[in-house]
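Not measured: the values here are computed from a predicted model. Hydrogens, waters and symmetry mates are skipped; everything else that's a heavy atom, side chains included, is used.
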Amino acid sequence: MGESNQHRQLVTTIEATLAGQFPELEVVDIDVHGGRSGRLTVYVDRPGGVDLVLCEAVTRALDDLRDRYALEVSSPGLDRPLRTAAQFARATGQRVYVKTDTRLAGRAVFRGRLTESGADVVRLTLDEGAALDIRSTR
């Protein structure tokens, strides 16, 4: 999955803004629709889950971004995306859906059990039974 520098910088800014006030909070992902002056959705999670009170507090903490975006803060839900090595590590043993930027073994979409996770590679046992290593391109 490729991310632009602008996307990564925005995630870094959001994480830095929230780190002191919400040390257990994880910024799972962000979506920007419509570019600048568009809508920014920030997906957050924490042990014990996300509730409306937390979403309101995070929205207030990110108030500076409201000058540039219509801001939404939400839970990632049950089908949360896996973006970082830590997120993949926590999902080890679970059934996952992976979409790659480049084709591997003739395809770019894989479903199976995440059996191993490292900094640069994850291993899936595909639904068809074969094992597949997917390497990070970052």
Enquirer: Quick one: do Leu25 and Ile14 end up in the same hydrophobic cluster if we chain Ile, Leu, Val, Met, Phe, Trp and Tyr together by side-chain heavy atoms under 4.5 Å apart?
Expert: yes
Enquirer: Taking atom OG1 of Thr17 and atom CD of Glu15, what is their separation to the nearest 0.5 Å?
Expert: 10.0 Å
Enquirer: Quick one: does Asp51's side chain get under 4.5 Å of Arg46's, heavy atoms only?
Expert: yes
Enquirer: Is a donor on one side and an acceptor on the other found under 3.5 Å between the side chain of Thr115 and the backbone of Arg123?
Expert: yes
Enquirer: Can Tyr43 be reached from Leu62 by stepping across I, L, V, M, F, W or Y side chains whose heavy atoms are under 4.5 Å apart?
Expert: no
Enquirer: Is Arg113 reaching over with its side chain to a backbone N or O of Gly93, donor-acceptor style, under 3.5 angstrom?
Expert: yes
Enquirer: Are the side chains of Val122 and Val98 in touch, meaning some heavy atoms are under 4.5 Å apart?
Expert: no
Enquirer: Can you find a heavy atom in the side chain of Leu114 that is under 4.5 Å from one in the side chain of Gln94?
Expert: no
Enquirer: Roughly how far, to the nearest 0.5 Å, is OG1 of Thr59 from CZ of Arg66?
Expert: 6.5 Å
Enquirer: Evaluate the side-chain proximity of Leu65 to Arg68: yes if any heavy-atom separation is below 4.5 Å, no if none is.
Expert: yes
Enquirer: Minimum heavy-atom separation for Ala85 and Ser117, please, with both atom names.
Expert: O-OG, 3.9 Å
Enquirer: Which heavy atom of Asp45 sits nearest a heavy atom of Val50, and at what distance?
Expert: CA-CG2, 3.6 Å
Enquirer: Side-chain contact test, heavy atoms from C-beta onward, threshold under 4.5 Å: evaluate it for Arg135 versus Thr100 and give yes or no.
Expert: no
Enquirer: Apply salt bridge (Lys or Arg N to Asp or Glu O under 4.0 Å) to Arg60 and Asp63, showing your working.
Expert: CA-CA 5 Å; Arg60 282 191 302 279; Asp63 198 48; over 6 Å; no
Enquirer: Do Phe22 and Val44 come close enough that some side-chain heavy atom pair is under 4.5 Å?
Expert: no
Enquirer: Just how far is it from atom NE2 of His33 to atom OG1 of Thr41, taken to the nearest 0.5 Å?
Expert: 5.5 Å
Enquirer: What heavy-atom pair brings Ala61 and Gln21 nearest, and what distance separates the two atoms?
Expert: CB-OE1, 3.5 Å
Enquirer: Are more than 12 heavy atoms from other residues, nucleotides or ligands located less than 6.0 Å from atom CD of Glu128?
Expert: yes
Enquirer: Look at the side-chain heavy atoms of Ile, Leu, Val, Met, Phe, Trp and Tyr, link any pair under 4.5 Å apart, and say whether Leu104 and Leu126 land in one connected group.
Expert: yes
Enquirer: Is there a side-chain contact between Asp31 and Glu72 (heavy atoms, below 4.5 Å)?
Expert: no
Enquirer: How long is the gap from OH on Tyr69 to CD1 on Ile30, to the nearest 0.5 Å?
Expert: 7.5 Å
Enquirer: Evaluate the side-chain proximity of Phe88 to Ile134: yes if any heavy-atom separation is below 4.5 Å, no if none is.
Expert: no
Enquirer: Treating Ile, Leu, Val, Met, Phe, Trp and Tyr as nodes and any side-chain heavy-atom pair under 4.5 angstrom as an edge, say whether Val28 and Val73 lie in one connected cluster.
Expert: no
